[in-house]
Each structure stands twice: as structure tokens, then as C-alpha cells.
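Working notes, structure below.
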Amino acid sequence: MDHFLYRDGVLYAEDVPVAEIAAQVGTPFYVYSSATLLRHFRLFDEALAGMDHLVCFAMKSLSNQAILHLLAEAGAGMDVVSGGEYARAVAAGVPSDRIVFSGVGKTRIEMRQALQGGIRQFNVESEPEMHALSAVAVELGKIAPITIRVNPDVDAKTHAKIATGKSENKFGVPISRAREVYALAASLPGLEVIGIDVHIGSQLTDLAPFEAAYLKVAELTEQLRADGHTIKRLDLGGGLGIPYQQINEAPPSPQDYGALIKRTVGHLGCEIEIEPGRLISGNAGLMVSKVIYVKDGADRQFLIIDGAMNDLIRPAMYDAHHDIVPVVQPAPGADQATYDIVGPICESGDTFAKGRSMAQVGPDDLVAFRSAGAYGAVMASEYNSRPLIPEVLVHRDQFAVIRARPTFDEMIARDIIPVWV
Ligand code: LLP
């Protein structure tokens, strides 16, 4: 459920007409609903009620300061994967004991930054990383709390580019070698082993792969405890999928997911962490764009809009589907058309949808991409020198620009011409 609904024939973001935002900030832009973000965060929080737990928002999905602040105020922790994300979380006021550091290639600089600033735990992904973290912790006179990310060799049954839990993926330590890696961790100075971490992929629409992975983690917990390790925290990753098409898609709910967690690892008495990104932010955002031209091709019609692959890369990168709807609600029985929906960028990959049926629209009409809150703005670039598009946050009948569109001068001013050119 989200808060982008038609009312009186026009699309609203909570209590604000989307067209009103467009008139003020220009197109294209992202708009997020505070109510949807908070609702989704709370669904996870409630799904784990009764267990000691922390929901760490995977901020790679949406990392604007206003969003992080909103979620942190509601009690969220953050899953960070770079020094930049760590700095963003701290700047947004997230307490450091709610920040978890994930990622397969943490540098010593990033380790130092997090150890000095404070960290809930590092999710360590390899032996070389473990040696590096041990050395950095000793050098700083600190103890780094760690979990080890295990790769359970489970097929997440999602797009290959976002599956992470198979043995061929670069992530984690093979679960078959976990016991020896934990033994190494226990022998190194500066580290405190506190738990296990697993994350098998993103946009999972079936609970079975989670179940397979969590059962393996439960078994490993008992083995490691028998080996004498303290396993008091399980980080179960993120990855629960969302419906990208309003019809015909009903992925499992956070409640179902919470029940699965209780069933598979609830008996172990561990503190549970999860790292959802997409389910919190995905359906909490739209990308709004304006039609520039409707162009007749040889055998099809192109809807050329002012948003492009640099603004929302998911269709080009993962063949991802986003529902695209007119901002003015089509009248019942309105004429339908079939379009290839494309942006202005000079490559054919700049295509959002092929052969998409929708109500007929024309030049200057606004269209909204649904489910664009996650991995939208954060993956944008300025390719073709198109400035990053603004982000807007709505709360009931108020809205605020939470990242402004840079002017051309601001964009150009980041370049530096050396004196010898
Ligand atoms: N934890 C870890 C360690 C992760 O690598 C990820 C996502 C998450 C949590 C959050 O997963 P989520 O709940 O959002 O599924 N750009 C791609 C998605 C990449 C996901 C990367 N890792 C997309 O647009 O579909």
C-alpha cells in the first residue's frame, strides 16, 4: 500500500496534487511519501515484535538526509556500505550504535572512520578483510565487533545482477568453511565475534530461499556455539521484494517474513537484525516526468519524455518494469495507446518500456513512474550533462524540496581547468 492515489481525477502524493509539485519544481523529479516510508518501516518493526531486534534501513536504496533523519527518528538503524554512507548516516543523526557496516571491499580508511566514529558491528566478508580490520583495530586500540557474512549457496531466484547468495557470487565466506573462518576470527586481536550475517539477494518474491538460508544459519549458530563462539546476534540481510506491477503481483508481506524469521531462528535467543531497503523505500517514491513529443515510428509510436536512463536506470540495467501512469486520471473508457516509452538520451538503451499499453497522453502531459523510490535517485548520474533531478518529500499537505536541481552553472563549476590547459 502506498500514498499515491487518484483523487478527484488527479494523482496525489498524500494530500498534495503531484501536478502542483511539478509546477513548482519542474520536471523530471522524484517525490517521496513520508507516510509510506514510515508505514513500511513500522511493518518490519512490528513483524519482529517479541524478539530483541533492530531494523537497519539499507540506505543504498535511498540515502537523502531527510529520509534518513525521518527513519532514524522512528527508531531505524542503518546498513551502510561505504565511508560516504557512514558519513551520511552520522550526519542525519543516526546513533553510531545503530549503524552496521556491510560490503565486500571495505578499505582500511573506511574501517578507521567507523571505528573512530563508533559502529554497531562490521559484517566481515573474507579472511583478508578480517586481517585488515584486526590490524586497524589494534592500531587504534579499539575492539571491532564483527559478524561474518556467510554465503549459504542458496538460489534467491531473482535477477542475476542482484542475486548474492550463490557460491559463484563474490559475497561472504562459503558456509562450508565458516567454522575455520570463525576460528581464525577468535584468534585475531582487536576483534570480538558477536554473530552471523547473511544476505542472499534483492527483490525476492518467494520466502523459500530465505527459509533455506535461515535454516542453514540456525544450524551454523549451534555448531559455532558448540565450538565455543559467542553468537548473540543474527543479521539476516534484506531483500524482500515489492510488487512492481499493481495487478497480478503479491509478494510475501513483512508479517509473513517476520513469522518465517521466528520459525527458523526464533528459538536461538539471538538479537535479530534485518536490512530491508527496497520494501521500505520502493513504493514510497514516484519519478514524475513530462511528455515532450509523441513520435510516429515506422511500426510504433514513441512517447518521448523528459526523464531518461540517467535519472532512473533500472529499466536499462535490469530490464526492470515500472508502472507508468498519467498524472491526470484517464476517464473511464478513455482511448488507449501502445507506446515505446523513451527518454531523450542518445542511445537506444534509454528505453523505459516497450509496447506499453496505457491511456493516450500528449505533449506536456505528466506521467508518473511508480515504485521508483528505491534505487532511483541514488543510481542517477549526469550523463548527457543532465543535472541530477530534484527530490521532494511530502508530509500530508506539505511538501519540501529535499535536494534541489543543480543549475547548469553549478554542474559546470565542479570541473576544474588546470592552468596548463
Ligand atoms: N543488505 C545488503 C548486504 C545488500 O547488499 C542489500 C542490497 C540490501 C541489504 C538491501 O536489499 P533490498 O532490501 O533493498 O532488496 N540496484 C538494484 C538492487 C541492488 C541491491 C543491492 N544490495 C535494483 O535496482 O534492483
Side-chain angles (χ1 to χ4, degrees), residues 30 37 40-41 43-44 47 54-63 67 71 76-82 85 89 99-106 120-126 129 147-152 156-166 169-173 196-207 209-210 213 234-244 251-254 257 261 272-285 287 309 311-322 352 369-381:
Y30 281 101
L37 285 159
H40 290 165
F41 166 72
L43 284 178
F44 279 115
L54 182 68
V55 179
C56 293
F57 176 54
M59 60 176 278
K60 63 167 76 68
S61 70
L62 178 60
S63 57
I67 307 290
L71 290 171
M78 294 294 154
D79 170 53
V80 310
V81 292
S82 69
E85 285 197 349
I99 304 178
V100 169
F101 210 132
S102 298
V104 73
K106 301 174 201 80
R120 180 177 179 81
Q121 101 230 3
F122 292 91
N123 294 332
V124 173
E125 298 217 18
S126 66
E129 180 193 340
T147 71
I148 295 173
R149 177 168 174 180
V150 293
N151 184 322
K157 301 205 166 59
T158 183
H159 191 286
K161 284 186 185 164
I162 54 176
T164 56
K166 285 286 285 171
N169 301 129
K170 69 183 174 185
F171 300 98
V173 167
I196 306 176
D197 171 45
V198 70
H199 170 78
I200 57 174
S202 192
Q203 186 55 16
L204 273 72
T205 52
D206 180 2
L207 288 181
F210 285 119
L234 300 179
D235 182 334
L236 300 174
L240 192 60
I242 62 169
Y244 275 99
S253 66
Y257 177 67
I261 290 176
I272 301 299
E273 263 166 25
I274 53 172
E275 304 168 347
R278 188 189 315 262
L279 201 140
I280 293 178
S281 54
N283 283 327
M287 183 180 82
M309 65 189 286
D311 305 314
L312 177 65
I313 203 171
R314 301 194 67 260
M317 190 147 174
Y318 314 108
D319 297 316
H321 172 100
H322 287 265
F352 290 116
F369 286 65
R370 290 190 171 277
S371 317
Y375 307 109
V378 288
M379 293 182 77
S381 75

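As the structure is a prediction and not an experimental result, all values here were calculated from the model. Ligands are counted one by one from 1 in listed order, and the atoms in each one are counted from 1 as well.
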**Prompt:** Is the backbone of Leu204 close enough, under 3.5 Å, to the side chain of Thr158 for a donor and an acceptor to pair up by distance?
**Reply:**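 No; zero donor-acceptor contacts below 3.5 Å.
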**salt bridge (Lys or Arg N to Asp or Glu O under 4.0 Å) partners for Arg149, two or more places apart** =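 Once residues adjacent in sequence are excluded, the partners of Arg149 under the salt bridge (Lys or Arg N to Asp or Glu O under 4.0 Å) criterion are Glu125.
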**Item:** Qualifying residues under side-chain hydrogen bond (donor to acceptor under 3.5 Å, both in side chains), relative to His321, sequence neighbours excluded
**Value:**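 Here the qualifying residues are Asp323, Arg356.
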**Prompt:** Side chains of Gln203 and Tyr375: closer than 4.5 Å at any heavy-atom pair?
**Reply:**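 SC-SC contact between Gln203 and Tyr375 ruled out.
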**Asked** Taking atom CG of Leu71 and atom NE2 of His40, what is their separation to the nearest 0.5 Å?
**Response**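 These two atoms lie 11.5 Å from each other.
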**Item:** Contact residues of ligand 1, where a non-hydrogen atom lies under 4.0 Å away
**Value:**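 Around ligand 1, where the cutoff is 4.0 Å for heavy atoms, the contacting residues are Ala58, Lys60, Asp79, Arg149, Ile162, His199, Ser202, Gln203, Gly238, Gly239, Glu275, Pro276, Gly277, Arg278, Arg314, Tyr318, Tyr375, Met379.
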**Listed partners of Ile313 passing side-chain contact (heavy atoms from CB on, under 4.5 Å), at least two apart** =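 Listed in chain order: Ala316, Met317, Met379.
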